[in-house]
Amino acid sequence: MKYRVLIADDESLIVKSLLKAVDWEALQCEVVGTAEDGNEALELIRIHCPHIVITDICMPELGGIELLKALQAFSVRPEVLLVSGYNEFEYAREGLQYNAFDYILKPIDHEELTACIRRMINQLKGKEKSDYELKKHKMYELLILENDAETLLDEQGAYATMIVQFRDSAEQNEVILKQWMSGREKEGAFFQNFLFKLENNRFLIICVNTAGDCEKLSRYVMDSAHQAAQMFQENCTIAIGKFVSRISELPASYQQAKQYIEKSAFLKMSIVTEEEIKAEYKSKNTPDALVKKAEQFLQNHFTENIGIETVAEQVGLSVSHFSVLFKQKTRVTFLDYLTKLRMDHACLLLETTDLKTYEIANLVGYTDQRYFSQVFKKYVNLTPSQYRKKAE
């Protein structure tokens, strides 16, 4: 990953010198912003969440020490390196009381600055690893052990759970999953992934956007899910729980993801989310979809003794509602539609078989031959016998 750096100094020449003279790429750093005073620096810190801040002590409006004091209220604070002149030495020492990492004197020695940044990065790496393991342990206690301890680090941010269910128990699944997750974190700032192995070839992944940007996390999670589904060639199902803003709210997301993974076989989706379920439900329950479902049912069952009550029940509507909807969409009544299906099939049987009239009546859903003949004559304007003779 790259470490984000912010430079605050009211002397533009010093800022330009730092931007050009330091090999930020070699240090695995990128300068995300520059500020001319402490107030501007505070605003940029809120926006970019830098890991490192290099700030002059004396700046207009808000100086480096005041900036340090203001940062004490931040839940996540950057490492701060103070830059001071000789006559500001005591101020620099005061900065150490407010958790400044170190201070360097002007004129800035770029080698000294580079060495100092390397020490800051080493400290950041150690802290990141420690914080990561502590957060993972707390998540394990909360979700797996269901231990809602008061000591839980209830950090704000953007969180989502993702359960990956493999169809086989190959050991390489976990190896590939870990490698892929590691690569995903390197693709963008502010993202963390926590992997837990569950039972029955299941893995839990907790995705975090430390900046609390739920929209970015949503895109990240959905992109990750599609990548995983493609990578494992449909060998897995992925269920995504709701997005939450605190660690303490993760159980709700986890329980939702568990419910989705249990229902995934019935939903026939490789990626199961609340939005996908709603879209699927909505698409299946539009007026057009309901009538299409009714038509399909009629085409498969018109030879049976069925009525409008049976079909209305199949699509989940009352008889009166279904009757009106069906006529609106097909422009014929339910009875006319069913009769046409039966009569068309009866005509085909009369043309292509030697079956007797009562046999054909039974085959198209009529138990009463006389009633069948009446309906047929009304529909075709011929009796079944007359129709057969005409078709010969």
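Residues that satisfy the side chain to side chain contact (heavy atoms under 4.5 Å, CB included) test with Gln256, not counting sequence neighbours, are Lys242, Tyr260, Glu274. Applying the ring-ring contact (aromatic ring centres under 6.0 Å, His included) test to Phe243 and every residue at least two apart in sequence or in another chain returns nothing. Residues forming a ring-ring contact (aromatic ring centres under 6.0 Å, His included) with His226 (at least two apart in sequence, or on another chain): none. Every ring-ring contact (aromatic ring centres under 6.0 Å, His included) that His345 has, sequence neighbours left out, goes to Phe302. Tyr3 is linked by a ring-ring contact (aromatic ring centres under 6.0 Å, His included) to His51, counting only residues two or more places apart in sequence or in another chain. With sequence neighbours left out, Ser224 forms a side chain to side chain donor-acceptor pair (under 3.5 Å) with Arg184. Every residue meeting the side chain to side chain contact (heavy atoms under 4.5 Å, CB included) condition with Lys136, not counting sequence neighbours, appears here in chain and number order: Tyr132, Phe194, Phe196. Every residue meeting the side chain to side chain contact (heavy atoms under 4.5 Å, CB included) condition with Lys197, not counting sequence neighbours, appears here in chain and number order: Glu174, Phe203. Under the side chain to side chain contact (heavy atoms under 4.5 Å, CB included) criterion, Val324 pairs with Gln328, not counting sequence neighbours.
For Glu111, the CD atom sits in a loose shell: 12 or fewer heavy atoms of surrounding residues, nucleotides or ligands are nearer than 6.0 Å. In this structure, Asn305 places its CG atom where only 12 or fewer heavy-atom neighbours from other residues, nucleotides or ligands lie under 6.0 Å away.
Clustering of Ile, Leu, Val, Met, Phe, Trp and Tyr side chains at separations under 4.5 Å places Leu355 together with Met343, Leu349, Leu350, Ile360, Leu363, Val364, Tyr366, Tyr371, Phe372, Val375, Phe376, Tyr379, Val380, Leu382, Tyr387.
Applying the salt bridge (Lys or Arg N to Asp or Glu O under 4.0 Å) test to pairs two or more places apart or on separate chains, those with a residue in residues 332-356 are Lys340-Asp344.
Between Glu262 and Lys258 no salt bridge is recorded (no basic side-chain N to carboxylate O distance below 4.0 Å).
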Tabulate below the donor-acceptor pairs under 3.5 Å that side-chain atoms of residues 113-120 make, not counting sequence neighbours, or state none.
| from | atom 1 | to | atom 2 | distance (Å) |
| --- | --- | --- | --- | --- |
| Thr114 | OG1 | His110 | O | 2.8 |
| Arg119 | NH2 | Asp102 | OD2 | 3.0 |

